[in-house]
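Atoms within each ligand, like the ligands themselves, are counted from 1 in listed order. Keep in mind that the numbers below use all heavy atoms, side chains included, and drop hydrogens, waters and symmetry copies.
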Amino acid sequence: MKKRLLAVLACVAMTATLVVGCGGNKGDGSAEGGDNSGGDDVITVGFSQVGAESDWRTANSESMKSTFSKENGYELIFDDAQQKQENQLTAIRNFIQQEVDYIVLAPVTETGWDTVLQEAKDADIPVIIVDRMVDVSDDSLYTAWVGSNFKLEGEKAAEWLNSYAQAKGLSEVNIAHIQGTIGASAQIGRTEGLEAADKYGWNIVAQQTGEFTQAKGQEVMESMLKQYDNINVVYCENDNEAFGAIDAIEAAGKTVGPDGDILVMSFDTTNAGLTDTLSGKIICDTECNPLHGPRVEEIIKQLENGETPEKVAYVEEEMFAYDDTVKDVTVDGTKYDVTKLTQEILDGRAY
Ligand code: GZL
Ligand code: ZN
């Protein structure tokens, strides 16, 4: 923003000496022609991405890169933090130095952002948070947030499990809980959703982070199977953990699926996750939509037009299951459909 202000001042100065001005400020804080970030009206976006830990993350990055392309009038500076917060803090400080027009942050975990977001605010650069939430003392430190209601995702999955267990007459539900990255909003919400269901008398026999990765998910499942032989449900907080868990279960000589030893539940509904749902390897996959690019662009367009975007915007999300044993779930009085997955539904999905 500072860069644009200087450009406008330069324009005004030029106008003072020359007959013809340069259009100056379009009233939205952007100066015509004066923008020095690679040409007229190119909007520079610095995006600090968590990493590349999962299929969901890949789809999320792809959505941001295809939206903030040169053809669309943007210069995207993309930084992959390899799941380390200190790398995100460095990236944001670099964006500030480069005087980007907007900073987009996908925070790896919720805490530790106040200082760097204050620096961005002091530099007059709007910050848009995507996906996971930041826990800051003053929410004016970010302009808008768009992402998922992770607690609702967890509650929907837990309600599905309760209905499914009742329909199948499961005498006991012994759950291995493979959590996401501890402190990430997705982990916090999906864990809350499961733990709130202790009213159903389930046993969470084991609980450990799988860090949202396939490798860690497999390692954790292997160790849980060595410790407990009564696990009949695995609640994975994303698809990549589910892929790892399924490999570990099958390597241990057990089976997954509706008629198997263990039911594997998951989140994200990535293409690979839904492929496993079609076969029943994953029995139920709760959607977490990664396509935030267009949503962030909508926010930036509003800001460019001097409008005020919604502070918090949740994306609509569905649920898919291998079969139609459970046709819908109700959470806090609201009913959500559960879709029996078919090949054509899978083929028709955007990610
Ligand atoms: C959820 C996102 C999570 C996904 C994982 O919005 O933060 O991070 O569920 C990803 O696949 O790693
Ligand atoms: Zn000018």
With the threshold set at 4.0 Å, does a side-chain nitrogen-carboxylate oxygen contact exist between Glu119 and Arg93?
yes
For a distance cut-off of 3.5 Å, show me each N or O of ligand 1 paired with any protein N or O, plus the separation.
| unit_1 | atom_1 | unit_2 | atom_2 | d |
| --- | --- | --- | --- | --- |
| ligand 1 | 6 (O) | Asp131 | OD1 | 2.2 |
| ligand 1 | 7 (O) | Arg57 | NH2 | 3.3 |
| ligand 1 | 7 (O) | Asp131 | OD1 | 3.1 |
| ligand 1 | 7 (O) | Asp131 | OD2 | 2.6 |
| ligand 1 | 7 (O) | Arg132 | NE | 2.7 |
| ligand 1 | 8 (O) | Arg57 | NH2 | 3.0 |
| ligand 1 | 8 (O) | Arg132 | NH2 | 2.7 |
| ligand 1 | 9 (O) | Arg190 | NH1 | 2.8 |
| ligand 1 | 9 (O) | Arg190 | NH2 | 3.4 |
| ligand 1 | 9 (O) | Asp268 | OD1 | 2.6 |
| ligand 1 | 9 (O) | Asp268 | OD2 | 3.4 |
| ligand 1 | 11 (O) | Ser54 | OG | 3.0 |
| ligand 1 | 11 (O) | Asn238 | ND2 | 2.9 |
| ligand 1 | 11 (O) | Asp268 | OD2 | 2.5 |
| ligand 1 | 12 (O) | Glu53 | OE2 | 2.5 |
| ligand 1 | 12 (O) | Ser54 | OG | 3.0 |

Going by the rule ring-ring contact (aromatic ring centres under 6.0 Å, His included), which residues pair with Tyr228 if we only count those two or more places apart in sequence or in a different chain?
none
Less than 4.0 angstrom from a charged side-chain N to a carboxylate O is my criterion; do Glu298 and Arg295 meet it?
no
Quick note, ring pair (Phe, Tyr, Trp, His ring centres under 6.0 Å) partners involving residues 107-127, not counting sequence neighbours, are none
In chain order, what residues pass the ring-ring contact (aromatic ring centres under 6.0 Å, His included) check against Phe212, with sequence neighbours excluded?
none
Between Val329 and Lys156, which heavy-atom pair has the shortest distance, and what is it?
CG1-O, 3.9 Å
